[in-house]
Amino acid sequence: MGTSMRELSADEEELLAYAREIVDTHGDGAAGIHTMGAAVRGADGRMHGGINVYHFTGGPCAELVALGHARASGARELVTIVAVGDGGRGPVGPCGRDRQVLLDLHPGIRVILPTVEGVRSVRVEELLPHATRWTPEGGAGVLQAAEKAAERTEERAAAEDAGEGGAA
């Protein structure tokens with residue numbers, strides 16, 4: 001299996017800028033409660049944002065807040081997500097819990113993160129290469145359903161790249 005890692009598209013650059021704007025505008029710096037911003041793009045092209053809520057008991061990461069915001073706004077199919085740290089830290093890859101949540105609820109979603117080659121976009125499956133996927137219907141199982149959903153997402157992206165339609 002090859003890698004899906006690629007340089008950022010214009011839509012992904014826009015999403016990254018939106019996440020940066022969220023943390024720069026709404027973060028609280030030295031207080032350290034809200035230090036990460038996240039943005040997710042729906043298949044319809046709309047962007048939804050979130051900011052983390054740090055608490056010693058384990059508050060939600062910015063990515064999970066962005067997922068909730070997207071769902072509350074009617075987005076059901078999500079195509080890309082990114083988190084950005086405050087203080088100019090730039091993109092930050094999702095933690096293990098967030099990776100599993102993304103894999104389970106949004107298989108095929110692309111994740112923007114820093115790599116040795118620079119900031120890139122990659123399918124979530126590659127961040128958990130031997131994972132077991134959980135679904136509300138079937139519990140924990142193999143990645144077969146996730147792989148099929150990822151293939152559909154890649155086909156849509158290829159169609160958009162070819163100018164055959166899709167979200168702007």
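One hydrophobic cluster holds both L103 and V122 under the rule that ILVMFWY side chains link at heavy-atom gaps under 4.5 Å.
Taking the side chain to side chain donor-acceptor pair (under 3.5 Å) definition, one finds that T80 meets it with nothing, sequence neighbours left out. R89 is linked by a side chain to side chain donor-acceptor pair (under 3.5 Å) to D86, counting only residues two or more places apart in sequence or in another chain. Residues forming a side chain to side chain contact (heavy atoms under 4.5 Å, CB included) with D28 (at least two apart in sequence, or on another chain): A31, I33, H34. Taking the side chain to side chain contact (heavy atoms under 4.5 Å, CB included) definition, one finds that E137 meets it with T135, sequence neighbours left out. Not a single side chain to side chain donor-acceptor pair (under 3.5 Å) links D98 to another residue, sequence neighbours left out.
Within a 6.0 Å sphere centred on CD of E7, heavy atoms belonging to other residues, nucleotides or ligands number 12 at most.
To the nearest 0.5 Å, atoms CE (M5) and CZ (R123) are separated by 13.5 Å. The line from OG of S9 to CZ of R110 is 8.5 Å long, rounded to the nearest 0.5 Å.
Grouping Ile, Leu, Val, Met, Phe, Trp and Tyr by side-chain contacts under 4.5 Å, direct or through others, puts M36 with V92. Cluster partners of Y18 are L8, L15, L16, I22, V23, M47, I51, V82, V84, I112, V119, counting Ile, Leu, Val, Met, Phe, Trp and Tyr whose side-chain heavy atoms approach within less than 4.5 Å, directly or via other members.
Looking at R99, its side chain never comes within 3.5 Å of a backbone N or O of L128 through a donor-acceptor pair. At least one donor-acceptor pair under 3.5 Å links the side chain of E125 to the backbone N or O of G108. With hydrogens and angles ignored, the 3.5 Å screen pairs no side-chain donor or acceptor of R41 with any backbone N or O of E12. T115 contributes a side-chain N or O that, together with a main-chain N or O of E117, makes up a donor-acceptor pair within less than 3.5 Å.
Among the candidates L102, L105, D104, the single residue satisfying the side-chain contact (heavy atoms from CB on, under 4.5 Å) test with V124 is L102.
Residues G93 and P114 approach most closely at N-CD, 3.9 Å, considering heavy atoms. Between G50 and V65, the shortest heavy-atom distance links the atoms CA-CG1, 3.8 Å. Shortest non-hydrogen contact noted between L78 and G42 is CD2-CA, 3.8 Å.
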Residue pair I109, V40: steps toward the side chain to side chain contact (heavy atoms under 4.5 Å, CB included) verdict: CA-CA 10 Å; I109 194 169; V40 63; 4.2 Å; yes
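The salt bridge (Lys or Arg N to Asp or Glu O under 4.0 Å) analysis of residues 54-74, with sequence neighbours excluded, yields no pairs. The ring-ring contact (aromatic ring centres under 6.0 Å, His included) contacts involving residues 56-107 comprise H48-H69, where partners must be two or more places apart or lie in separate chains.
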